[in-house]
K.L.:
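One structure, pasted below without further comment.
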Amino acid sequence: MQRYLPKSQADREAMLKAIGARSIDDLFAPIPAEYRLNRDLKVPRQMAESEIVDWFRERSRENGDAYTSFLGAGAYAHYRPVIIDSLISRGEFLTAYTPYQAEVSQGTLQSIFEFQTMICELTGMEVANASMYDGSTAATEAVLMAARVTGRNGVVVARSVHPEYREVLKTYATHQEMPLTEVGFAESGRVDLKALDKAVTDQTACVLIQSPNFFGTIEDVVAVAEIAHKKGALLVVAIAEAVSLGIVQPPREADIIAMEAQSFGVPLGFGGPYCGVIATREKFVRQMPGRLVGQTVDSHGRRGFVLTLATREQHIRREKATSNICTNQALIALMVNIFMNVYGKVGLRELAKQNLAKTHYAVQQFGKNAKVLFDKTPRFNEFVIQTSEAPNAINSRILGHKIVGGLPLKKFYPELGNASLWCCTELTPRTMIDTAARVVAESERSEKGANTSEEEAVPEVVR
Amino acid sequence: MNKYPDLKATRHTSQDEGLIFEKSSPGKAAWKLPPLDVPEVDSKELLGSSARKDLGNMPEVSEIEIIRHFTRLSTWNYAIDLGMYPLGSCTMKYNPRVNEAVVRMEGLANAHPYQPEKISQGALRIMKALSECLVEITGMDAITLQPAAGAQGEMTGLLMVRAYHESKGAARKKVLIPDSAHGTNPATAATVGYAVENLKSNANGMVDIASLEAQMNEDVAALMLTNPNTLGVFEQEIHKIADLMHAKGGLLYMDGANMNALVGKVRPGDFGVDVMHLNLHKTFSTPHGGGGPGSGPVAIKKILEPFLPTPIVIEKQDGTLGLEYNSPKSVGRVRAFYGNFGMFVRALAYILANGPDGLRQTTEDAVLNANYIRKGLQGTFDLPYSTPSMHEVVFSDKIQAKKGVKTMDLAKRLIDYGFHPYTTAFPLIVPGALMIEPTESEGRDELDLFIEAMKRIAAEVEEDPQTVLGAPYTTRVSRLDETTAARKPILRWKPAS
């Protein structure tokens, strides 16, 4: 017996009889006998629903909940309006397939059309696709797209782009014969414009930057665009923190925007599933990867929506397709869509403003004792501090207050020494900012008093 | 169509729901922020020229309008919850609701991917438990959960194949792909820098061994094989295929799209597969959600283990779990963070709800259902390959095409009988294909209704083909103009100027 299977043993026997099979084994006869599994799989025994719930509740507890977190770095803790889950839990959205059969998929299709529209409004681009796996793969696919558009293969990447986005790009680019050049950041925390100017050549397909960048700093998109465009290269801008678009100018000078929309109502969920999106100019649409929904009319002249421009895609073009991507993140894009509707034109700005205010306050508090890097440059909701003590050691004390401190940057940016990346959102209470800033202050005072670095002796309690 | 045109109302609220932008007006809102507990800031002062002035045409609507809007839209969708969804190769099975409940538990839903390992033990334990189950189910040696979907799984698998060959001296040049394969296979091979060489099927719809023998040489990195293949046919000479590949140093890649035919009955690792991906959104019940998210773990044999993407979940000496990033031979990272974790939770919940007996019964029922449909429709529709079916059956429209009715027309008419269409026009080796995969989630009554509907449609084709050619009649819209949509794309709403 298995509770998901709608058959009695009598049904099975009747069906076998109808087929003309003696037993179920007859139907598996095509599998050579020597390979058939004649034992039970060694997986846990069948559990009752209550046992499953208990098992995962135990895992949930081991993970620890009710922490206040200062982690951002490409995954952001924002409030998720309740109606998101109410609506996406409707079976008609949850348990539908890709909308290939338009007549029975208009709900999914129209909602994607609205999603595409809102992404265009927010990014200042002319077209947006129906979503990609996540921000890292969207950025990578945007770079590959730029190579197709320009017919060039060089890629110049700012070191201030999310390190894991750069890693993904490297994995893909290796086999596309696309040389990657990395350009460092200036003291401003922005991409080093002089170095960038030198790195961009007439072989460069695109420049990839992120804004706000990995340090939370807003890049000078106008200046970067000028450098890229004067050599005929495209500008690709990654946006990892979508809420920034509520108050920060979108990179209108970009040719392609690769966005991570997780901030818009998608659970942190230990890193996924998230929702990437590519937006671009109309003239590049035929080189854009991923599904697209278009408006059309039916045989009676009624407005309706269909998947369109499929000739770019793998199921038609096979090895000549713009990308091998088949799925999108439809259900996650629906979460994003509902979130954008809830906050809308005014709410998104106010939400972004609260993020800005909390972060500004935190910078002031932390800045009293620790060094805040890149402090002269505008930022959104993240900032980098440099401490005398190793961030891991400070974080393990902060953890005692049920607070997860900023992300230690040594793994990604050893050149920044004892630096860590902190993020504040509308969900970060002032009291927690004060507590964390106090622990950092205590660390600074005792380090300066001790006059010796104990960095090596600190146990790796917290990675 | 409408027998009583004068009874038709001018506008049906939910059937004629407009775009959300058409409901927007200034001053409406569905949000409320708590009072700010820190001083207000002047965004222009902080951001300077980067400060944004306005948000264009973003909507302004209230909460009830959002609820109604999406609820109305939802009623225009077909779904597994409404009935049979027999899309071949898609495995549209029931999506258990306990999966949705457990994934929303606070410690899992709110876990940040960079939170300290000390408070990530539950998430890592889930990844480890799922990995162990999938390794056992596939009969492989190790696995990566990182790929975001099947196509990315294919890419990750081929990256490992490439790295393996490079470690032996040369990456090799080609990947062999049967003509029955899904389009992602050749697209993926191209992504990884391999040339694609087509491999012909034989009269039974299986890999032609003689062709494989002739085409296999030291330039071939791998064969990408779907098994059961897209005809729903098990490659009976799989051992010969594996031996032929291995004899010349090539690897056997298995596309696991059709794993629902095998779980608990046979393991790819036991019949010579070196690397394969799984689709958690097919075989392991995670919801398709209107087109994603997917999740495409890649299971491998020992020889490929050094090349796994990073990070890898490891057990430390003190028994706690951690993430290992140091792996010099790794192919690198294919996605930020660790993959679609939310899908891991759901897939594991599904495995736990089944256990070994449930998984086996599931596979048996899936194969039983496909064969029951085959038996029921044989004779009514042309069966181009009489080779035994596993979890899906592929007919063709040969008989109906004589009356000018094609597979897509039959599919559209099926909508009027309350079913989602089967997969049309795939695989490419069957002209006018009807590819039907019922999955295990259908009971006998539902299958009988489906068979009855298909037979009825076949009779309609004989009696009056126009009935079928004009379908569907029961949906809000019918036969949308795809040509115009592609020729003059309208990809976003714009305000009336």
Side-chain angles (χ1 to χ4, degrees), chain A residues 2 6 11 30 35 40-41 45-47 56 59-60 62-65 71 87 90-92 95-96 98 103-104 106-108 117 121 133 136 164 167 171 175 267 269-273 294-296 298-299 304 308 314-315 318-319 321 324 326-331 342 345 347 357 361 430 462, chain B residues 30-31 37-38 41 47 55-56 58 70 73-74 76-81 102 105-107 109 111-113 116 119 121-123 148-149 151 183 186-188 190 193 196 234 271 289-294 332-333 336-337 340-342 352 355-356 358 443-444 475 477 479-480 485 490 492-493:
Chain A
Q2 206 291 337
D11 287 336
Y35 300 122
D40 277 354
L41 284 168
R45 68 160 173 84
Q46 196 179 120
M47 287 187 187
F56 282 100
R59 303 290 83 73
S60 174
E62 281 169 11
N63 245 20
D65 47 23
L71 290 170
L87 288 169
R90 285 189 65 91
E92 297 92 331
T95 76
T98 307
E103 286 91 342
V104 282
Q106 284 298 305
T108 296
T117 304
E121 289 292 335
Y133 300 142
S136 69
E164 294 195 5
E167 284 179 47
T171 305
H175 305 291
F270 207 54
Q295 182 182 311
T296 187
D298 80 345
S299 55
T308 192
Q314 37 69 35
H315 56 275
R318 297 177 83 83
E319 65 268 29
N324 73 334
C326 183
T327 55
N328 62 351
Q329 299 288 104
L331 196 69
V342 168
K345 187 179 166 80
Y361 175 78
R430 175 183 187 153
V462 181
Chain B
W31 59 276
D37 60 0
V38 299
V41 290
L47 298 173
L55 291 180
M58 290 297 282
F70 287 101
L73 292 191
S74 78
W76 306 348
N77 273 1
Y78 194 83
I80 298 170
D81 286 3
V102 294
M105 287 177 174
E106 235 168 77
H112 191 286
I119 56 169
Q121 290 300 305
T188 301
V196 175
F234 191 87
F271 57 67
R333 174 185 276 291
F337 312 123
N340 284 343
F341 176 79
L352 297 178
R444 194 182 170 193
T475 47
V477 289
R479 301 269 179 161
L480 292 127
I490 302 171
R492 54 155 301 174
W493 169 85

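Chain letters run A, B, ... following the sequence lines, proteins first, then strands; residues in each count from 1. In what follows, every heavy atom counts, from backbone to side chain, and hydrogens, waters and symmetry copies are set aside.
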K.L.:
Looking at A:Thr95 and B:Ala79, what are the two nearest heavy atoms and their distance?
P.N.:
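Closest pair (atom of A:Thr95, atom of B:Ala79, distance): OG1-CB, 3.2 Å.
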K.L.:
Would you compute the distance between atom OG1 of A:Thr108 and atom CG of B:Leu73 and round it to the nearest 0.5 angstrom?
P.N.:
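Between A:Thr108 OG1 and B:Leu73 CG, I get 9.0 Å after rounding to 0.5 Å.
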K.L.:
What pairs with A:Arg90 under side chain to side chain donor-acceptor pair (under 3.5 Å), at least two apart in sequence or on another chain?
P.N.:
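A:Arg90 satisfies side chain to side chain donor-acceptor pair (under 3.5 Å) with A:Glu92, B:Ser74 only.
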K.L.:
Can you tell me which portion of A:Leu87 sits under 4.5 Å from chain B's heavy atoms? Options are side chain, backbone, both or neither.
P.N.:
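Interface part for A:Leu87: side chain.
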K.L.:
At a heavy-atom distance under 4.5 Å, which candidate from A:Thr98, A:Leu331, A:Leu41 has the highest pair count against chain B?
P.N.:
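Answer, by heavy-atom pair count under 4.5 Å with chain B: A:Leu41.
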K.L.:
Between A:Arg59 and B:Met105, is there a side-chain heavy-atom distance shorter than 4.5 Å?
P.N.:
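No, side chains not in contact.
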K.L.:
May I ask you to name which of A:Ser299, A:Gly64, A:Gly294 has the most heavy-atom pairs under 4.5 Å with chain B?
P.N.:
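Heavy-atom pair counts peak at A:Ser299.
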K.L.:
Looking only at non-hydrogen atoms, find the nearest pair between A:Lys345 and B:Leu55 and report the distance.
P.N.:
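So the two residues come closest at O-CD1, 3.0 Å.
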K.L.:
Among B:Ala149, B:Ala148, B:Pro293, which has the most heavy-atom pairs under 4.5 Å with chain A?
P.N.:
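Of the options given, most contacts go to B:Pro293.
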K.L.:
Pick whichever of B:Asn77, B:Val102, B:Val477 has the most heavy-atom pairs under 4.5 Å with chain A.
P.N.:
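Highest number of heavy-atom pairs under 4.5 Å: B:Asn77.
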K.L.:
When only pairs under 4.5 Å are counted, which of B:Tyr78, B:Phe70, B:Phe271 shares the most heavy-atom pairs with chain A?
P.N.:
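Most heavy-atom pairs within the cutoff with chain A belong to B:Phe70.
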K.L.:
How close do B:Trp31 and A:Val342 get, counting heavy atoms only, and between which atoms?
P.N.:
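B:Trp31 and A:Val342 have their closest heavy atoms at CD1-O, 3.4 Å.
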K.L.:
Using heavy-atom distances under 4.5 Å, tell me whether A:Tyr361 contacts chain B through its side chain, its backbone, both, or neither.
P.N.:
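When you check distances to chain B, only side chain atoms of A:Tyr361 fall under 4.5 Å.
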K.L.:
Applying side chain to side chain donor-acceptor pair (under 3.5 Å), name anything that partners A:Asn63, two or more places apart in sequence or on another chain.
P.N.:
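Partners of A:Asn63 by the side chain to side chain donor-acceptor pair (under 3.5 Å) criterion come out as none, since no residue qualifies.
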